[in-house]
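Chain A is the first sequence line, chain B the second, and so forth, proteins listed ahead of strands; every chain is numbered from 1.
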Amino acid sequence: MSGEDTALHEWSADQVAAAVRARTVSAEEVTRAHFDRIRRLDGALGAFLTVDEEGALAAARQLDAAGKNAGATADSERPLLGVPVALKDLFCTRGLTTTAGSRILADYRPPYDATVVERLRRAGAVVLGKTNLDEFAMGSSTENSAYQVTKNPWDLSRAPGGSSGGSAVAVASRLSTLSLGTDTGGSIRQPAALCGVTGLRPTYGRISRYGVIAFASSLDQPGPFGRSVADVARALQAVAGHDPADATSLPEPAPDVLSGLEQGVRGLRIGVPREFFPAGLDARVEAAVRAGLSLLAREGAELVEVSLPHSAHAVACYYLVATAEASSNLARYDGVRYGLRAADAPSLSAMYEQTRRQGFGAEVKRRILLGTYALSAGYYDAFYLRAQKVRALIRDDFRAAFQRCDVLCTPTSPFPAFRLGEKVDDPLQMYLADIFTLGVNLAGVCGVSVPCGLTAPDPAAGVPALPLGLQLIGRPFDEATLLRVARAHERATDWHLRRPPEPAARVGGPA
Amino acid sequence: VSKASPSTIDIAHVARLARLSLTPDEAARLGPQLQAIVGYMAQLAEVDVEGVEPMTHAAELSLGRHPDNLRPDQAHVPLGADQGLAGAPERQGPLVVVPRIIGEP
């Protein structure tokens, strides 16, 4: 059995599922091994908001018992048998606190599971707990959480990226084999890049959004983090496919993204959009991505230069569309049906206003105000409507580029992990962190970030090596080709095998 | 009249529309930040959007592939009132209690 010589927390999803199926290890042992690490290390990292050890162990024992009774047939229907999964705290989990990183949902226990959570459980995955995020997924550093700061495991003084920072850290630091995040403007790909793991943002409509707390409904899409392309592909396959409860989910079954994974890139055309390599781009980022491109060329891909001419306007367009939708989606938090209610308000309207003042953090308020402004009388045409037209032009840019190539390749983030606190008081600078990722969301296509290098450490300045990410962008609903290219890059490098240093274990913590 | 280059954002007015009451401190901090962000957004005025149909949703991609996407007309059991209202801050049986709205003080 491969993997038996390494610790359980290093195993891939496939190794875990195969070993549990073969009964060389039990789902319970795998689960316990991960909780041991969470207990020891998460004090320093802050990836989890809620751990559900009791629920996870019960689920694992049930899987072990079901396997003994029903044997191989039941197991074969469980491609993630015994695989630990961490969920961004934006996915509704029945009976398990779901906060969206917000004070306004501090004690919220959903009465149902999100469709993806249900599908993960059905596939045999074991949910370990809920991970930290920027409040309502609004942010690029996870610093906007109302609850805690999550540290980048490569350098604890730096941010993990965001908004799905906790999910990225959980996988990078081997606290979980897989995790799920959501990506509205880069919230899976950017933290994946900054933490040195693989993160997939599928095509809009590929994965059900039912039970995923809404931020911007025309842009939100869940997706997996893993330590290899194959793990991410396996997770996608388990949760994708039509869901009658989400009218925007593509009415087609989950795609087969596994069987073609090893086919390589010979004969594929990879587009290099010149706007994504601007003058002044961080030299470390540019060198690592260009090295990745050379590898893909050596593997047989043809590189073609393409242009996405409206890219310069993507940030402005995105932050109008996303905030307009957010201002509308977040109107539901009014202290009536769930969540926080301000005490002793003298009237209904005062109750609304005080509840929202107490419950929302600064960035959420900023975005609600911006979105409300963009939708308000007198400004709608100049801002929201115009942004929707620019969005159409950005989509058309991608369409035209995909006439000339099969996949696009760009940097994921314009810089490696930045220091905690560095950008949090300058919202516009924070928004620019998403400059290379949010076109994917506007256009509705798919993208993945894979590790493509490490910066040179600078011991004199106390700066360790930091991971860099390469983004691949695929045609709508062509995750198979996207992941095939990602796998070809992975096969030619060992960046995905580099791991962050172990943080200091909590001293005197529970055994 | 194009208002793409707004003069000064009336933060109190926008906050009222959004049902957010801001403390004076918040208003003093958020106002200039919002002004700077909106100033950046004003670059969209440079883009030629003549004759461009607005893109309202990314679902057009999947709906384009399946224009007749309707769910089967099947009955199912929804969450009951008890479960559905389990998170309500204040309840009376199957009802949610809110502060007085008619003749609101």
Can you check whether A:Y112 and A:Y210 have ring centres sitting under 6.0 Å from each other?
yes
Against chain B, work out which of A:K389, A:M351, A:Q354 has the most heavy-atom pairs shorter than 4.5 Å and name it.
A:K389
Looking at B:I37, B:D48, B:L17, which makes the most heavy-atom pairs under 4.5 Å with chain A?
B:I37
Return the option, out of B:H76, B:R91, B:H57, with the maximum number of heavy-atom pairs under 4.5 Å with chain A.
B:H57
Taking every non-hydrogen atom, the tightest pair across A:G439 and A:I394
O-CG2, 4.5 Å
For chain A, find which of B:L34, B:V14, B:I11 contributes the most heavy-atom pairs closer than 4.5 angstrom.
B:V14
Under a 4.5 Å heavy-atom cut-off, does chain B meet the side chain of A:S327, its backbone, both or neither?
neither
Run through A:Q221, A:R475, A:E479 and flag the one making a side chain to side chain donor-acceptor pair (under 3.5 Å) with A:T203.
A:E479
Toward chain A, the part of B:A15 with a non-hydrogen atom under 4.5 Å:
both
Could you look at A:L375 and say if it's the side chain, the backbone, both or neither that has a heavy atom under 4.5 Å from chain B?
neither
Under 4.5 Å from a heavy atom of chain A, the part of B:L44 involved:
both
Is A:D425 close to chain B through its backbone or its side chain, or both, or neither, when contacts mean heavy atoms under 4.5 Å?
backbone
Interchain contact, A:L432 with chain B, by part (heavy-atom threshold 4.5 Å):
side chain
Honestly, the part of A:P251 sitting under 4.5 Å from a heavy atom of chain B is both
Which bit of B:Q33 is near chain A, if near means a heavy-atom gap under 4.5 Å: side chain, backbone, both or neither?
side chain
Region of A:S249 that comes under 4.5 Å of a non-hydrogen atom in chain B
backbone
Polar side chain donor-acceptor pair, B:E46 to A:H313, under 3.5 angstrom
no
Is B:V96 in contact with chain A via its backbone, its side chain, both, or neither, using a 4.5 Å heavy-atom distance?
side chain
The test is ring-ring contact (aromatic ring centres under 6.0 Å, His included); show your working for A:Y333 and A:F136 and say whether it passes.
CA-CA 12 Å; A:Y333 302 101; A:F136 286 105; 4.9 Å; yes
So, the part of A:A374 with a heavy atom under 4.5 Å from chain B: the answer is neither
Which atoms form the tightest heavy-atom contact between A:S218 and B:T56, and what is the distance?
CB-O, 4.1 Å
Is it the case that A:E135 and A:S102 place a side-chain donor and acceptor less than 3.5 Å from each other?
yes
So which residue, A:G444, A:A316, A:S217, ends up with the most heavy-atom pairs under 4.5 Å with chain B?
A:A316
So, A:T182 versus A:D220: side-chain donor-acceptor pair below 3.5 Å or not?
no
For residues A:D113 and A:T93, is any side-chain donor paired with an opposing acceptor at under 3.5 Å?
no
Could you tell me which of A:V390, A:T248, A:V336, A:T355 has the largest number of non-hydrogen atom pairs under 4.5 Å with chain B?
A:V336
A:Y319 versus chain B, the contacting section by heavy-atom distance below 4.5 Å
both
With a cut-off of 6.0 Å (strictly less than), are more than 12 heavy atoms of other residues, nucleotides or ligands near CG of A:D107?
no
Polar side chain donor-acceptor pair, A:Y204 to A:R209, under 3.5 angstrom:
yes
Under 4.5 Å from any heavy atom of chain B - which part of A:R367
neither
Honestly, the part of A:Y108 sitting under 4.5 Å from a heavy atom of chain B is neither
Indicate yes or no: does B:E26 engage B:R29 in a salt bridge with an N to O separation below 4.0 Å.
no
Bottom line for A:A312: the part with an atom under 4.5 Å from chain B's heavy atoms is backbone
Is the number of heavy atoms from other residues, nucleotides or ligands within 6.0 Å of CZ (A:R109) greater than 12?
no
Please classify the contact of A:A247 with chain B as side chain, backbone, both or neither, using a heavy-atom distance under 4.5 Å.
backbone
